[in-house]
Peer 1: 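Okay, here's the structure, questions in a sec.
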Amino acid sequence: MGGMKPDRQLLFALDTDRYRIGRSLMIRGLGLIYLIAIASWWSQFRLLVGEDGLIPASRLHEWMSHQLEGTGRSSFFALPGLFWLTGTSDFALHVSCFLGCLLAMLVVFGRLTGPCLAGLWLIYLSLVNTGGVFMSFQWDILLLEAGFLSLFFCPWERKTAWLNPPPLSVINRIALVWTWILIAKLMFFSGWVKLAWASEASPEWWPDGTALTFHYMTQPIPTWTAWWAHQLPDWFHRLSLIPMYLIELVLPFAIIFGRWGRLAAGAGFTLLMSLILITGNYTYFNWLTIVLCLPLIHDRVWPMWLRTWLQFEPLGLTSPPALKPLVIKLALVGPFILALALLNGYIILSDLNSAPGRASASSASSSWIRKMYTGLVPFHFASGYGLFRTMTTERPEILIEGSDDGTQWIAYDFVWKVDEISDRPKFVAPHQPRVAWQFWFAALEGHFDYRSANAVWIESLVLKLLEGDSDVQALIKNNPFPVTPPKFIRARLFRYEFTTTDERNKTGDWWKRSVIGEYLPAVSRPPAATTDSPQS
């Protein structure tokens with residue numbers, strides 16, 4: 001470095017031009033994650049938000065238009081998406097999912113990467129903003145934030161070479177630093193919320209060290225490996241929190257300590273995600289996080305066999321880019337980078353001060369920043385995260401039952417949902433069966449409540465069961481009323497627990513359960529002339 005000019009020394013101070021392999025793998029990996037996410041939604045959107053779905057997307061558009069009537073605000077900017085132009089018909093949704101899968105495969109194969117990623121971001125934004133409660137998960141938002149950032153990180157050539165990945169431009173290198181910030185933000189705040197939101201009144205208090213004694217049993221869709229992990233002694237669960245806190249709260253800061261610090265952070269994050277992946281069904285989230293770790297790895301740190309296979313040729317000392325084209329590019333990209341900086345700064349300060357007992361950061365922030373953040377929230381350019389903020393200590397489950405006479409009741413067994421105590425928990429990730437996930441959230445509410453965000457789809461599901469709707473059969477393992485639908489439907493709340501090793505050896509059951517009480521009283525089909533709400 002002694003013979004390098006000062007300006008060049010500054011240009012390469014972070015060595016950000018030496019992450020070609022990580023950038024190449026991340027961009028293609030992001031294409032694969034998009035493919036998984038869109039294909040998963042494609043397989044179930046018709047029942048969820050289709051024209052005759054549980055919560056039709058058209059109703060959301062109608063509601064938004066009604067809310068904005070007379071305000072002068074644009075529906076598109078309040079709920080951005082393509083479907084304001086195409087409509088929310090099943091055909092439009094099918095076409096968007098088809099195009100999304102096609103664009104994702106083009107990204108994986110390195111064809112028209114930049115335009116395809118732009119199209120993917122717009123398509124997935126449209127799907128998220130019409131998915132309602134079924135598309136309200138942090139990983140959906142994370143994919144959009146990472147997808148938007150990738151537009152500045154990816155090469156925009158017609159064909160991107162897989163072998164000997166192309167060098168990073170100055171814009172790419174700025175975006176590289178933002179990917180480091182994104183993964184650090186995600187991991188740090190996942191640890192921060194566990195401590196900041198703890199209170200003595202909360203039985204799930206993370207600092208008490210008992211969270212993992214409940215985690216494997218109470219997660220939304222457990223796996224059979226979670227049953228085994230649950231059987232481990234309490235001291236192991238308590239001890240496991242130490243490396244978790246180290247990874248989430250300490251390693252994000254290692255990113256600023258050069259290539260080896262970033263390697264340590266990437267390895268730690270990947271290890272944690274892998275452990276979560278093998279003991280739970282958290283959709284594509286773990287894979288997406290691992291993909292975001294790839295740009296943390298310096299080119300020289302990748303194993304020799306991979307570099308040889310990629311025919312990787314290290315860069316020599318390259319000349320600084322021509323000044324005029326660089327200034328033009330920075331002028332075009334600069335507003336987006338500045339907006340990201342402001343949004344992330346606002347989000348980080350807000351999250352640090354939003355826990356109970358802390359002053360809200362928003363009250364101390366300039367009004368124009370708050371307005372900018374509020375106006376841009378629907379686009380999900382930047383977001384806050386906080387996974388596993390609290391730990392549920394019990395597992396309530398909703399059992400929906402049907403009856404022909406109101407006396408003898410038969411339970412429905414839903415796909416991927418915990419119902420039958422003898423069913424072996426299975427792996428379903430990276431696919432996300434979103435109805436099964438929403439059942440878990442609805443059960444935590446304790447009873448049916450029309451004010452809940454889950455009330456609309458549960459009411460719609462009950463009606464479809466009473467009507468014998470053929471589409472809803474895809475959610476049921478074996479229909480207990482195959483010929484004619486039941487006359488009555490009710491829902492009860494049960495408390496489920498994993499069996500012990502001895503109990504499972506004796507009974508063969510993975511679960512044991514006890515009745516908590518009523519979730520939804522018995523309802524029947526309404527008369528044809530009445531409203532479409534179920535009546536007792």
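Throughout, residue positions are numbered sequentially from 1 according to the sequence presented. On a predicted model such as this, the values are computed, not experimentally measured, just so you know.
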Peer 1: May I ask you to test the Pro222-Phe498 pair for a side-chain heavy-atom distance under 4.5 Å?
Peer 2: yes
Peer 1: Output side-chain donor-acceptor pairs under 3.5 Å for residues 228-235, partner residues at least two apart or in another chain, one line each.
Peer 2:
| residue | atom | partner | partner atom | Å |
| --- | --- | --- | --- | --- |
| Gln231 | NE2 | Trp227 | O | 3.1 |
| Gln231 | NE2 | Thr499 | O | 3.2 |

Peer 1: Extract all donor-acceptor atom pairs below 3.5 Å that involve side chains of residues 266-280 and protein atoms in other chains or at least two apart in sequence.
Peer 2:
| residue | atom | partner | partner atom | Å |
| --- | --- | --- | --- | --- |
| Thr270 | OG1 | Gly266 | O | 2.8 |
| Ser274 | OG | Thr270 | O | 2.7 |
| Thr279 | OG1 | Leu275 | O | 2.9 |

Peer 1: From Leu343 CG over to Ile369 CD1, what is the distance, rounded to the nearest 0.5 angstrom?
Peer 2: 9.5 Å
Peer 1: Quick check: closest heavy atoms across Ala226 and Gln219, and the distance to 0.1 Å?
Peer 2: CB-NE2, 3.4 Å
Peer 1: Kindly state whether the ring of Phe134 and the ring of Trp437 have centres lying under 6.0 angstrom apart.
Peer 2: no
Peer 1: More than 12 heavy atoms of other residues, nucleotides or ligands under 6.0 Å from CZ of Phe236: is that the case?
Peer 2: no
Peer 1: Restricting to non-hydrogen atoms, name the atom on Ser96 and the atom on Leu127 that form the minimum distance, rounded to 0.1 Å.
Peer 2: OG-CD2, 3.8 Å
Peer 1: Verify the ring-centre separation between Phe253 and Phe257: is it less than 6.0 angstrom?
Peer 2: no
Peer 1: Is the number of heavy atoms from other residues, nucleotides or ligands within 6.0 Å of CH2 (Trp416) greater than 12?
Peer 2: yes
Peer 1: Is a donor from one side chain sitting under 3.5 angstrom from an acceptor on the other, for Trp260 and His298?
Peer 2: no
Peer 1: Taking it one step at a time, do Val415 and Leu475 satisfy side-chain contact (heavy atoms from CB on, under 4.5 Å)?
Peer 2: CA-CA 5 Å; Val415 178; Leu475 297 175; 5.7 Å; no
Peer 1: Just so I know, are the side chains of Thr16 and Asn172 near enough to count as touching, which here means a heavy-atom distance under 4.5 Å?
Peer 2: no
Peer 1: Between CG of Leu117 and SG of Cys154, what distance do you get to the nearest 0.5 Å?
Peer 2: 5.0 Å
Peer 1: Do Leu93 and Phe83 have side chains that get closer than 4.5 Å, going by heavy atoms?
Peer 2: yes
Peer 1: Would you say Trp440's side chain and Thr218's backbone share a donor-acceptor pair under 3.5 angstrom?
Peer 2: yes
Peer 1: May I ask you to test the Trp42-Phe98 pair for a side-chain heavy-atom distance under 4.5 Å?
Peer 2: yes
Peer 1: Do any pairs count as a side chain to side chain donor-acceptor pair (under 3.5 Å) and have a residue in residues 139-168, sequence neighbours left out, and if so which ones?
Peer 2: Arg20-Asn164, Thr113-Thr160, Tyr124-Asp140, Trp139-Thr283, Trp139-Gln432, Asp140-Tyr284, Asp140-Arg434, Glu145-Lys185, Glu145-Tyr385
Peer 1: Which of these passes ring pair (Phe, Tyr, Trp, His ring centres under 6.0 Å) with Phe336: Phe152, Trp178, Phe379?
Peer 2: Phe152
Peer 1: State whether the side chain of Asp299 and the backbone N or O of Ile21 hold a donor-acceptor pair below 3.5 Å, judged by distance alone.
Peer 2: yes
Peer 1: How close do Leu60 and Thr130 get, heavy atom to heavy atom, and via which atoms?
Peer 2: CD2-CA, 3.9 Å
Peer 1: Checking His380 now: which residues fulfil side chain to side chain donor-acceptor pair (under 3.5 Å) with it, not counting sequence neighbours?
Peer 2: none
Peer 1: Give me the atom names and distance for the closest heavy-atom approach of Arg23 to Pro167.
Peer 2: NH2-O, 3.2 Å
Peer 1: Look at the side chain of Arg173 and the backbone N and O of Tyr19, then say whether any donor-acceptor pair between them is shorter than 3.5 Å.
Peer 2: no
Peer 1: Are side-chain heavy atoms of Ile337 and Ile171 found at a separation under 4.5 Å?
Peer 2: no
Peer 1: Any side-chain to backbone donor/acceptor pair from Thr374 onto Lys371? Under 3.5 Å, distance only.
Peer 2: no
Peer 1: Take the angle between the ring planes of Tyr373 and Tyr346 and call it parallel below 30°, perpendicular above 60°, tilted in between.
Peer 2: tilted
Peer 1: Just how far is it from atom OG1 of Thr223 to atom CZ of Arg424, taken to the nearest 0.5 Å?
Peer 2: 9.5 Å
Peer 1: So Trp84 and His61, would you call those rings parallel, tilted or perpendicular, with 30° and 60° as cut-offs?
Peer 2: parallel
Peer 1: Got a donor-acceptor contact below 3.5 angstrom from the Asn281 side chain to the Lys426 backbone?
Peer 2: yes
Peer 1: Do other residues, nucleotides or ligands put more than 12 heavy atoms under 6.0 Å from Phe109 CZ?
Peer 2: no
Peer 1: For residues 237-259, which residue pairs pass the side chain to side chain donor-acceptor pair (under 3.5 Å) check, not counting sequence neighbours?
Peer 2: Lys194-Glu248
Peer 1: Would you call Leu120 and Val107 a side-chain contact if the rule is heavy atoms closer than 4.5 Å?
Peer 2: yes
Peer 1: Quick one: closest heavy-atom pair of Pro80 and Ala78, and the distance?
Peer 2: CD-C, 3.8 Å
Peer 1: Could you note down all residue pairs passing side chain to side chain donor-acceptor pair (under 3.5 Å) where residues 24-39 supplies at least one of them, sequence neighbours left out?
Peer 2: none
Peer 1: Would the distance check show the side chain of Thr213 and the main-chain N or O of Thr210 forming a donor-acceptor pair, the cut-off being under 3.5 Å?
Peer 2: yes
Peer 1: Inspect the contact between Asp90 and Arg46 and indicate whether a charged nitrogen and a carboxylate oxygen are less than 4.0 angstrom apart.
Peer 2: yes
Peer 1: So do Arg18 and Pro314 actually touch side chain to side chain, heavy atoms under 4.5 Å?
Peer 2: no
Peer 1: With rounding to the nearest 0.5 angstrom, report the CG to CD distance, Leu143 to Gln138.
Peer 2: 13.5 Å
Peer 1: Just say parallel, tilted or perpendicular for the rings of Trp192 and Phe189, cut-offs at 30° and 60°.
Peer 2: perpendicular
Peer 1: Does atom CZ (Arg307) have a neighbourhood of more than 12 heavy atoms from anything else shown, all under 6.0 Å?
Peer 2: yes
Peer 1: Side-chain contact test, heavy atoms from C-beta onward, threshold under 4.5 Å: evaluate it for Trp180 versus Leu292 and give yes or no.
Peer 2: no
Peer 1: Say whether, by atom type as modelled, one donor and one acceptor occur between the side chain of Ser40 and the main chain of Ile36 under 3.5 angstrom.
Peer 2: no
Peer 1: Considering all heavy atoms of both residues, which atom of Ala104 and which atom of Gly31 are nearest to each other, and what is their separation?
Peer 2: CB-O, 3.3 Å
Peer 1: Is it true that Trp121 and Phe148 have ring centroids separated by less than 6.0 Å?
Peer 2: yes
Peer 1: Is it the case that Asn286 and Thr289 place a side-chain donor and acceptor less than 3.5 Å from each other?
Peer 2: no
Peer 1: For Phe77, is the CZ atom crowded, meaning more than 12 foreign heavy atoms sit under 6.0 Å from it?
Peer 2: no
